[in-house]
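The figures that follow rest on heavy atoms only: side chains count, while hydrogens, waters and symmetry mates do not.
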Amino acid sequence: METETPLFLKVKCGDAVLYENDQIGKVLTFVGGSRDPDAPSLFQIANVDSGEIRWIHGEEVIEIVCEYRTSINKPSTFFEQIQQQQQQQ
């Protein structure tokens, strides 16, 4: 019988999470546990409604509302943008 990974272990910086039944906060940073420093146990969040910044325990995370995952593949200069457009034509 496999145990499911706790939800708070899936949370990353930048994610929006639901906590305290009806509050949504953006994860600013986290603190790892003593056994595994990469496993988050405390999250610093900014409440999206009030702007309040506070710490919550991992067990208080009810749901990940929106994940922040991004990769930007953008040319760094105007010259590179022109070259990329010409190659696509």
> Would you mind listing every side-chain hydrogen bond (donor to acceptor under 3.5 Å, both in side chains) that reaches into residues 52-64, with sequence neighbours excluded?
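Sorted pair list: Glu20-Arg54.
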> Scan residues 6-16 for pairs that pass salt bridge (charged side-chain N to carboxylate O under 4.0 Å, His left out), counting only residues two or more places apart or in two chains.
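As it turns out, the salt bridge (charged side-chain N to carboxylate O under 4.0 Å, His left out) pairs with a partner in residues 6-16, which skip direct neighbours, are Asp15-Arg69.
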> List the atom of Gly25, the atom of Tyr19, and the distance in Å for their closest heavy-atom pair.
N-CE2, 3.7 Å
> In the structure I gave you, are the side-chain heavy atoms of Phe8 and Phe43 within less than 4.5 Å of one another anywhere?
yes
> Is any side-chain heavy atom of Leu7 closer than 4.5 Å to one of Ile64?
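Answer yes - side chains close enough.
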> Nearest 0.5 Å, please: how far is CG in Leu18 from SG in Cys66?
13.0 Å
> Does any N or O in the side chain of Lys26 come within less than 3.5 Å of the main-chain N or O of Gly14, such that one atom is a donor and the other an acceptor?
yes
> Quick check: closest heavy atoms across Ala46 and Ile53, and the distance to 0.1 Å?
CB-CG1, 4.1 Å
> How close do Ala16 and Ile24 get, heavy atom to heavy atom, and via which atoms?
CB-CG2, 4.3 Å
> Between Val11 and Val27, what is the shortest heavy-atom contact and its length?
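It is CG1-CG2, 3.7 Å.
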> Check whether any side-chain heavy atom of Leu42 lies under 4.5 Å from a side-chain heavy atom of Ile56, and answer yes or no.
no
> Do Cys13 and Leu28 come close enough that some side-chain heavy atom pair is under 4.5 Å?
no
